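Input: a single structure, listed below in structure tokens.
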Amino acid sequence: MVNTVSSLAWQPREESKMKTLFLPIEARKKNSTFASFMQEVFDKANAILEEIKTAQPADADALEHFRIKYLGSKNVLKDLFGAMAQLPPERKKEYGQLMNTLKTEAELKFESLKEGFSAAGSKQSQSAVDVTAPAYGFKFGTRHPVSIIRNKMIDIFARIGFTVAEGPEIEDDWHNFTALNTPEDHPARDMQDTFFLDEKCEWMLRSQTSTVQIRVMEQQQPPIRIICPGRVFRNETISARAHCTFHQVEGLYIDKDVSFADLKQTMLYFAQEMFGSDVQVRFRPSFFPFTEPSAEMDVSCFVCNQKGCPVCKHSGWVEIGGCGMVDPAVLTNCRIDPDVYTGFAFGMGIERITMLKYRINDLRLFFENDVRFLKQFESAV
Ligand code: 2NL
């Protein structure tokens, strides 16, 4: 059956919607034949295809016009698609293919034009960079409070002739325990329980930086005057006052005629440099396997001037570390003659000194790296 114009159910269209359509109604008005209407539809489609192929938008605005015209929500192809319904079935396939070509052609053309424009745009923006403009501001990090106090401790001891020695964090049994007069099964090993790396407990994470001092004594004869700052490890349950890792500064002074008086004066000097020239020191008898005699060191409370406060727990004194005269057995273990040389040693936790100095009440803050905590030390050295 051959469709005739009269057999098609024409809907009257609003003028505005008819802008780009070929207008079967007009065709009718003009009294065209159906064949000429079809010809018109195909011609129009081919004309638009040609228009798309040859379009050369000069700039981004023109490209946007192209997009709106051929791909926008009210594009010119829509009306052409709409004409499909009015074509006889035998021409529909041909027309459908033509319309698909039109659509893909418009899309491909738009994509390639867009790429061309953005490449040109980026070239333009590259050359538009003002290389002479001042750079953006740069945020420096802040030094960790433990590092600030470690450096301060190094400075204080450097002024009286102590040099820094460093060593490995993974240690063997000899350097961490046995050479320090703490043989296997000695109860003092429990105080220094650490993380062992093998079944036989031959290798471990060092529990103190005395290991470095043993290494130095093994390698050189006195005089030795060193401090050993560094990270140490303990098998502790983490709390506000204990952690499985912290930092120490240990000190060692070995020479002829070094006495406990030298130890006391060295510690007084340190305490006054660190906490203020008014502080006093106090030594309480204690026990360490590697020193004899041994003592705990306290400084007079610099927070309340010994009037009593939460920092000194109303005792007037705060503990800052341990010390003593190096046990002759330790010297012998390092092939240093205890009949010729004597010496003192001390150990302090850097976190502990830092907490006292900056009134920090929770050890865990040092290891969490929360910037709200760290940036409070911006102005510290
Ligand atoms: C503490 C106590 C101390 C030592 C460390 C030491 C090192 C050698 C020989 C003898 Cl090689 N002693 N170090 C001595 C007494 C105490 O540390 O409370 N540390 C946080």
Side-chain angles (χ1 to χ4, degrees), residues 146 149-150 153 157 162 165-167 171-172 174-183 186 188-194 206-234 236 241-255 258 260 262-264 266-267 270-271 274 281-299 318-336 338 341-356 363:
V146 167
I149 295 299
R150 180 201 56 210
M153 291 172 83
F157 284 110
F162 284 80
E166 287 182 320
E171 269 294 4
D172 53 28
W174 170 257
H175 292 97
N176 199 69
F177 289 121
T178 309
L180 283 156
N181 208 27
T182 319
H186 192 293
R189 281 206 181 195
D190 285 350
M191 290 195 316
Q192 306 252 338
D193 191 17
T194 177
R206 69 183 180 192
S207 59
Q208 47 200 346
T209 58
S210 329
T211 52
V212 183
Q213 294 170 319
I214 296 292
R215 288 177 180 280
V216 171
M217 284 192 285
E218 283 174 334
Q219 277 160 27
Q220 78 177 73
Q221 287 294 305
I224 294 170
R225 204 188 294 171
I226 51 169
I227 51 166
C228 304
R231 186 188 281 270
V232 297
F233 305 85
R234 300 271 168 99
E236 294 266 3
R241 312 173 123 260
H243 213 286
C244 58
T245 179
F246 62 99
H247 298 80
Q248 260 197 327
V249 169
E250 286 218 6
L252 178 75
Y253 179 27
I254 314 271
D255 205 346
V258 176
F260 203 95
D262 298 313
L263 169 59
K264 286 174 78 177
T266 304
M267 289 297 113
F270 168 76
M274 179 58 84
V281 288
R282 177 175 86 166
F283 295 83
R284 284 177 288 116
S286 184
F287 172 80
F288 300 111
F290 27 85
T291 45
E292 181 61 35
S294 306
E296 308 281 351
M297 296 179 278
D298 297 340
V299 295
V318 285
E319 188 183 318
I320 61 161
C323 60
M325 300 305 292
V326 178
D327 194 294
V330 175
L331 295 177
T332 310
N333 286 340
C334 303
R335 293 180 295 276
I336 290 174
Y341 296 106
T342 53
F344 67 72
F346 57 85
M348 291 183 273
I350 308 181
E351 281 80 359
R352 168 131 188 94
I353 309 284
T354 310
M355 287 170 88
L356 289 171
L363 186 58

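Order of appearance sets the numbers: ligands from 1, and atoms from 1 within every ligand. Values in this document were obtained by computation on a predicted structure and should not be read as measured data. The analysis underlying the following values was restricted to heavy atoms, covering all of them including side chains, and did not include hydrogens, waters or symmetry mates.
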- side chain to side chain contact (heavy atoms under 4.5 Å, CB included) partners of Thr266, counting only residues at least two apart: Phe157, Ile160, Phe162, Phe344
Pairwise, report which nitrogen or oxygen atoms of ligand 1 are under 3.5 angstrom from protein nitrogen or oxygen atoms, and how far apart they are.
unit_1   : atom_1 : unit_2 : atom_2 : d
ligand 1 : 13 (N) : Glu250 : OE1    : 2.8
ligand 1 : 19 (N) : Gln248 : NE2    : 3.2
ligand 1 : 19 (N) : Gly347 : O      : 3.4

- Item | Arg284 with Glu319: basic N within carboxylate O range, under 4.0 Å | yes
- How long is the span from the CG atom in Asp298 to the CZ atom in Arg282, to the nearest 0.5 Å? 4.5 Å
- Query: Sequence neighbours excluded, which residues qualify as side chain to side chain donor-acceptor pair (under 3.5 Å) partners of Glu250?
  - Reply: Ser210, Gln248
- Donor-acceptor under 3.5 Å (Asn181 side chain, Pro289 main chain): yes
- Item | By side chain to side chain donor-acceptor pair (under 3.5 Å) - contacts of Glu236 (at least two apart) | none
